[in-house]
Protein chains: 2
Amino acid sequence: MKNKRMFWNIVEKIETLIDSGAYPPGSRLPPERELAESFSVSRPTVREAIIALEVRQRVEVKTSSGVYVLEMQQDKQESKPVSAFELTQARALIEGEAAALAAMTITEAELAKLKLTLDAMQKGINADQADKEFHVIISNATRNNAVSLAVENLWRLRDSRDEIKAAYKNVCSQSDSDRLEEHRAIYTALANKDSQAARSAMHHHFNRLINSLFEVSEAKALEEVKRKSSETRGLYSLNHLVS
Amino acid sequence: MKNKRMFWNIVEKIETLIDSGAYPPGSRLPPERELAESFSVSRPTVREAIIALEVRQRVEVKTSSGVYVLEMQQDKQESKPVSAFELTQARALIEGEAAALAAMTITEAELAKLKLTLDAMQKGINADQADKEFHVIISNATRNNAVSLAVENLWRLRDSRDEIKAAYKNVCSQSDSDRLEEHRAIYTALANKDSQAARSAMHHHFNRLINSLFEVSEAKALEEVKRKSSETRGLYSLNHLVS
DNA sequence: GTGAATTTATTGGTATTACCAATAAATGGT
DNA sequence: ACCATTTATTGGTAATACCAATAAATTCAC
């Protein structure tokens, strides 16, 4: 069943035409009437599609002149490919510092909430959600919204990449106990208000994760791929951080 | 001159109605025909407005049922207020780690580009742009796009807040020489591939900045505000980082 | 009386047509 | 060759009609 309304199909078709290069940025689209005829729909439908494209900032409508293709403002978020290794390394660095900061500012209430996530993770129900909560609570405990935002953005990045989600799924599910133990260590450091220890524990957490990622990717890879992996292994290593 | 097309006005009116609480999330808007009458426009015009709102994810159209108001998905980017102090502290932490990482991976070409920004800054032309380039080059030198994105997002955050831009403007313009000197120190550390020194130099850079921000804000503030400031000064201090 | 099936009214979806206003191209006069 | 005028093109808005899906009201069977 195609429940979509007609004009969404037209949006898609026009967008495809633009992306194919048939109508480069700055050029003018055919008049509404022509588009309507060539797509075998009515003019209002074409108008609706054009309005949708206009709201999306893909085209600009100049009254009595025509519809012009706008420059693609590429989301840099989308343009830069990010691997699971990069993401994990970035998380280690940023969340490591966040933990160090949080150790000085965290409240008893937040420590209690952290404890709850540990319990939830131990019971194994919604372990992944408890994982996320754990990290978010810590980032908020920094009392620094810029840091919170940075951590949230990394999480968003993780969720927006299917290959990263897949990679994490492989790793997390097979080492729940490690993850729990590491979270406990971070929690203890925070409870002790020990910045250094909190940073270090966070680094260890992600170091294990990154090594697991390498193991999985190596196990899957052919010999040739293995060689490349070992080259990049040095690049994303956290060995200089884990004391 | 109101060159805007009619339907944009309708979009505005409907959005105002929604924001005013007249149509809370989940509720149904009046039928197109009624809206057309009450706004004294034709039905197609109302349809166009609704489509614009739909593309913006403000409403959901259910065929033959009605138009329903969606939950405002507030950009957390916008909802969380971020002060210049928070931003600067976050930059210190994240860019400090970025510099430490970059020290191990930076290329000669990138060092040369860094040098150019130093020269530009010395000449005083486009000093602010040179500043930005300096930091971006370093984040890209990490070979970690997740880190690059994090740094870029912080910059975007800075540019999106007028009060932060204003605060930075006050501080940067009055201490160009300090900034240049600190950049040189960071450059030297990177050229020497000295991670520790690079991190430390970056921390010093932002530490000076944060202290300048405090001075400016204190100079401007009344006595009472001063007291609050000195309370939060401890919160955003980098003293635990600068050795 | 109650529940299910049917009918009816409402509502958005699409198409057709018409006319307006602004723009851009073609034309003509100087 | 240049400028003013005319003409054709193009998007903007409106009015209308009919369709299809939904939801409400009604009817009917039990």
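Letters go in sequence order (proteins before strands), and every chain restarts at 1.
Closest heavy-atom contact between S139(A) and V136(A): OG-O, 2.9 Å. Residue A90(B) comes nearest to A146(A) through the heavy atom pair CB-CB, 3.6 Å, listed as atom of the first residue, atom of the second, then distance.
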>> Using side-chain hydrogen bond (donor to acceptor under 3.5 Å, both in side chains), reason through E86(B) and S83(B) one step at a time and then give a plain yes or no.
In response: CA-CA 5 Å; E86(B) 289 170 279; S83(B) 70; 3.1 Å; yes
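A heavy atom closer than 4.0 Å to some atom of DNA chain D occurs in R28(A), P31(A), E32(A), R33(A), these being the qualifying members of residues 27-37 of chain A. If you check residues 12-25 of chain B against DNA chain D, you find no residue with a heavy atom closer than 4.0 Å. Of all the residues in residues 41-52 of chain A, R43(A), R47(A) reach under 4.0 Å from DNA chain D with at least one non-hydrogen atom.
A centroid separation of less than 6.0 Å is found between the aromatic rings of F206(A) and H135(A). Ring centers of F214(A) and F85(A): under 6.0 Å apart, within the cut-off. A distance of 6.0 Å or more separates the ring centres of Y187(B) and H205(B).
Rounded to a whole Å, the CZ atom of F7(B) is 14 Å from the P atom of dG11(D). Between the CD atom of E60(A) and the P atom of dG11(D) there is a distance of 13 Å, given to the nearest Å. The distance between atom CZ of F39(B) and atom C1' of dT13(D), rounded to the nearest whole Å, is 17 Å. Here the P atom of nucleotide dT10(D) and the OH atom of Y68(A) are 10 Å apart, to the nearest Å.
Side-chain atoms of N145(B) come within 3.5 Å of backbone N or O of P81(A) as a donor-acceptor pair.
The side chain of T63(B) contributes no N or O atom lying less than 4.0 Å from OP1 or OP2 of dA21(D).
Nearest-nucleotide assignment on DNA chain C puts the 5′-proximal partner with M6(A), out of S65(A) and M6(A).
Between Y168(B) and L87(B), the closest side-chain pair of non-hydrogen atoms falls below 4.5 Å.
The pair E108(A)-K115(A) fails the salt-bridge criterion, with no side-chain N (NZ, NE, NH1 or NH2) lying under 4.0 Å from an Asp/Glu carboxylate O.
Heavy atoms from other residues, nucleotides or ligands lying under 6.0 Å from CD of E37(B) number 12 at most. More than 12 heavy atoms of other residues, nucleotides or ligands shown are found within 6.0 angstrom of NZ on K165(B).
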